[in-house]
Amino acid sequence: MDRSPHYVARILTEHTLTTMAQHQTNRGGSHRFRLFAASGALVFALSLAALYLFAATNDDSRYVAAASQSPEITIEAPAEVDAGTALDVVLRSAEPTGTIHLVALHATGSYRFEAELKDGTATITISPDRTTHAGAVTWLAHLGASTASAETVISSVGPIDPVVPLVGPRTVIADGADETMVVVLPVDRFGNPLVDGSSVHISAELAGDRPFDGAVAVQAGIAAQRIRSTTDAGTVTVTSRVGDSAGPIGEYEQVPGTPQQFQVRFGLAGPRQSDDESRSRQPKLPLADGFSLHPISTTELVDLYNNVLPDGLRVVFVVDEGPAETGRTLIDATVQNGAATAWLRAPETAGVVRVSAEVSGQSSPTLEVGFADAAPQFEAVAERVDGIIEISIGPVVLATGSYPTDGTIARLRSVDSGDIAATAALLDGTATVSIPATALPVDVVILGSSTLVRLPS
Amino acid sequence: MTSRSAKRLVAALVAVSVLATLFVGLATIGLVSLRSATGADPASAFTAVPQVPEDIGELVEWTEDPVLDRQIEPTTRRSIAAAWARAWHRIDLVNRTGAVDGVDVWFVGPLADQVASSFDPENPSSVSQQSHELSATFYSLDGSVIGLRSTSSIGRSNGLRDIVSTEEFEAVMLLSDGNWRMLHLKRIPGAVTVTTVEKGPS
């Protein structure tokens, strides 16, 4: 609905005149009536004037109308200029003289200029330092009540170094499915984004393979390209350039994914080997001497695409010597050179130890390691020395004909109570330990074998 | 009804009408006079300008996102809206006072220099935010670069005119040192609508 003051005034005026005419026609009226009518019309007209004034002060469309319907001012400004160049804004008016104002609305504020008209023309030169910001500038000219507007587009100029490739994510799985993204924000020498459609060449390379190599158009200041990973692990280098402008190299890593099935083997990590080879590496007779450390390792850890898992990856060896609730031991290790190694202490009693490993949620089959009875053969003799019972143990000889590993523990267990009365570490297959005479008789227990020792006669 | 009675009735109606019209007219003139004579509260000249707009939450609205490479997280959206409003507030501070402290908190790269140099000491101006309707045009996979388009209602004053305009901007913001900062701010050609010009203090 038209709410302009012109419309309101016209409707109300027509209504008043019509009413007055009806009175005149119907009666001819008395002098008093005519006086009343004239007064009413006068007050009504005054009210109309006041209403018009009030409505005019609240009219929001005044500027737009003035701008488009004011022939008094015209603005001549270039439609487009390069950033950083001077330009002239020519203002023309029907008024030959006067002060004319020009306001430039730009992205980060506004500038105000003024000039004196000479023969109805004024020229305002905009210096290059005020045209460095690309984008639209709106010119608004004012002369008295007259206004006019125009627009100039400041365009970015050519690209400048560096054209930096922003890469992220920086690590992707080398599975041919994961993606990263390269974002390039090329600018001109004033920092303005290049115009839409500018071509940015992006290249990603890994050992001669190119996950991406092509042109990407700038859109709203951004040139972005998603890049899908290949199936080779390694560092991918990313370059970007616009024309002759280039930038530093970006990088991202393609890392192996979940490990494929792997084995645990008895022995140090080494080249890949078959299960049969692994078994052949196992010592013929690992003894349950409770002391020796035996290496256990994973086979080479690789993903689906044969990429070796990186160093530092955590590996957990699970060692079961007995029931799971009591005999389970977890040994932490890390991947080094594609495999993980841990050291397994031999049990004190003969039997089977089951070993498996877990890497990134992937578990290996269980490896069963058999430990033979060390079957030590030895004597233990008690002597009374200055009132103290001294027990000499050894030499202890294992089934293999060798001494037990130094440090193997000999336990002296009371026959009466079953308590351990004393312990001693073997050195070169022998040990000497002193106990009170009251502790005898004792069983000397070494690696599951025992010998009874009584009070000497 | 006699002719005399009819005349009196008509006269009474006319009198009532005249009085009512007179009342409306005088009231209107009074309103106009009151509006014309009322200026700004002198005390407001000494009111400290808040560093942070108090109505940030009402200034920025988001339109529905198009299909983006990554969905915008709610916290990111709030951070960007706040950074956007604060950046505009900083533009106003620079335009009014020339104070460049804090410009690099909200702007990065050459745009920070352009904002810092936007102060005209001979004709200080101001920028007031009325509303921003933001839409995301791009969001990088790693969530560190966002492209925005804004339809903003901006008030500008330069001592000569108070101008309220609706303008469109393209912007790029970077997540830099834990903070969203504006890298590009470009005014879109042909999208400016000046809705009001009032004569301000000259």
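Please read these numbers as outputs of a predicted model, since none were measured by experiment.
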Legend entry - Residue B/Leu19 versus chain A: region with a heavy atom under 4.5 Å: neither
Legend entry - Residues B/Asp120, A/Arg130; criterion side-chain contact (heavy atoms from CB on, under 4.5 Å); working and verdict: CA-CA 11 Å; B/Asp120 184 352; A/Arg130 292 194 167 177; 3.4 Å; yes
Legend entry - For the student: nearest non-hydrogen atoms of A/Ala220 and B/Glu170, plus distance: CA-OE1, 3.6 Å
Inset, instruction - Write down the atom of B/Phe169, the atom of A/Ala107, and the distance for their closest heavy-atom approach. - result: CE2-CA, 4.0 Å
Legend entry - Interchain contact, B/Ser117 with chain A, by part (heavy-atom threshold 4.5 Å): backbone
Legend entry - A/Ala136 backbone acceptor or donor facing B/Arg187 side chain under 3.5 Å: yes
Inset, instruction - Quick one: which of B/Val172, B/Val115, B/Val127 has the most heavy-atom pairs under 4.5 Å with chain A, could you say? - result: B/Val172
Inset, instruction - Answer yes or no: is there a donor N or O on one side and an acceptor on the other, between the side chain of B/Arg156 and the main chain of A/Leu105, under 3.5 Å? - result: no
Inset, instruction - Report, as yes or no, whether the 6.0 Å neighbourhood of atom CD on B/Gln71 holds more than 12 heavy atoms from other residues, nucleotides or ligands. - result: no
Inset, instruction - Ignoring hydrogens and angles, tell me if any N or O in the side chain of A/His133 forms a donor-acceptor pair with the backbone of B/Leu185 under 3.5 Å. - result: yes
Inset, instruction - Please round to the nearest 0.5 Å and tell me the distance separating atom OH of B/Tyr139 and atom CE of A/Met181. - result: 11.5 Å
Legend entry - Sole candidate of B/Ser165, B/Ser157, B/Ser125, B/Ser126 that passes side chain to side chain contact (heavy atoms under 4.5 Å, CB included) when paired with A/Ser110: B/Ser125
Inset, instruction - Measure distances from B/Leu111 to the heavy atoms of chain A and classify the residue's part below 4.5 Å as side chain, backbone, both or neither. - result: side chain
Inset, instruction - Look at A/Arg226 together with B/Asp69 and state whether they make a salt bridge at an N to O cut-off of under 4.0 Å. - result: yes
Legend entry - Region of A/Leu166 in contact with chain B, defined by heavy-atom distances below 4.5 Å: side chain
Inset, instruction - Report the C-alpha distance between B/Leu141 and A/Thr180 in whole Å, list the side-chain angles of each, state the deciding distance to 0.1 Å, and finish with yes or no for side-chain contact (heavy atoms from CB on, under 4.5 Å). - result: CA-CA 7 Å; B/Leu141 270 184; A/Thr180 185; 5.5 Å; no
Legend entry - A/Val187, part contacting chain B, at a heavy-atom distance under 4.5 Å: side chain
Legend entry - CA sep, side-chain torsions, deciding dist, call: B/Asn123, A/Phe113, side-chain contact (heavy atoms from CB on, under 4.5 Å): CA-CA 9 Å; B/Asn123 298 300; A/Phe113 309 90; over 6 Å; no
Inset, instruction - Let me know if B/Ser140 has heavy atoms under 4.5 Å from chain A in its side chain, its backbone, both or neither. - result: both
Inset, instruction - Before giving the answer on side-chain contact (heavy atoms from CB on, under 4.5 Å), spell out for B/Val94 and A/Thr108 the whole-Å C-alpha distance, their side-chain angles and the decisive distance to 0.1 Å. - result: CA-CA 9 Å; B/Val94 173; A/Thr108 58; over 6 Å; no
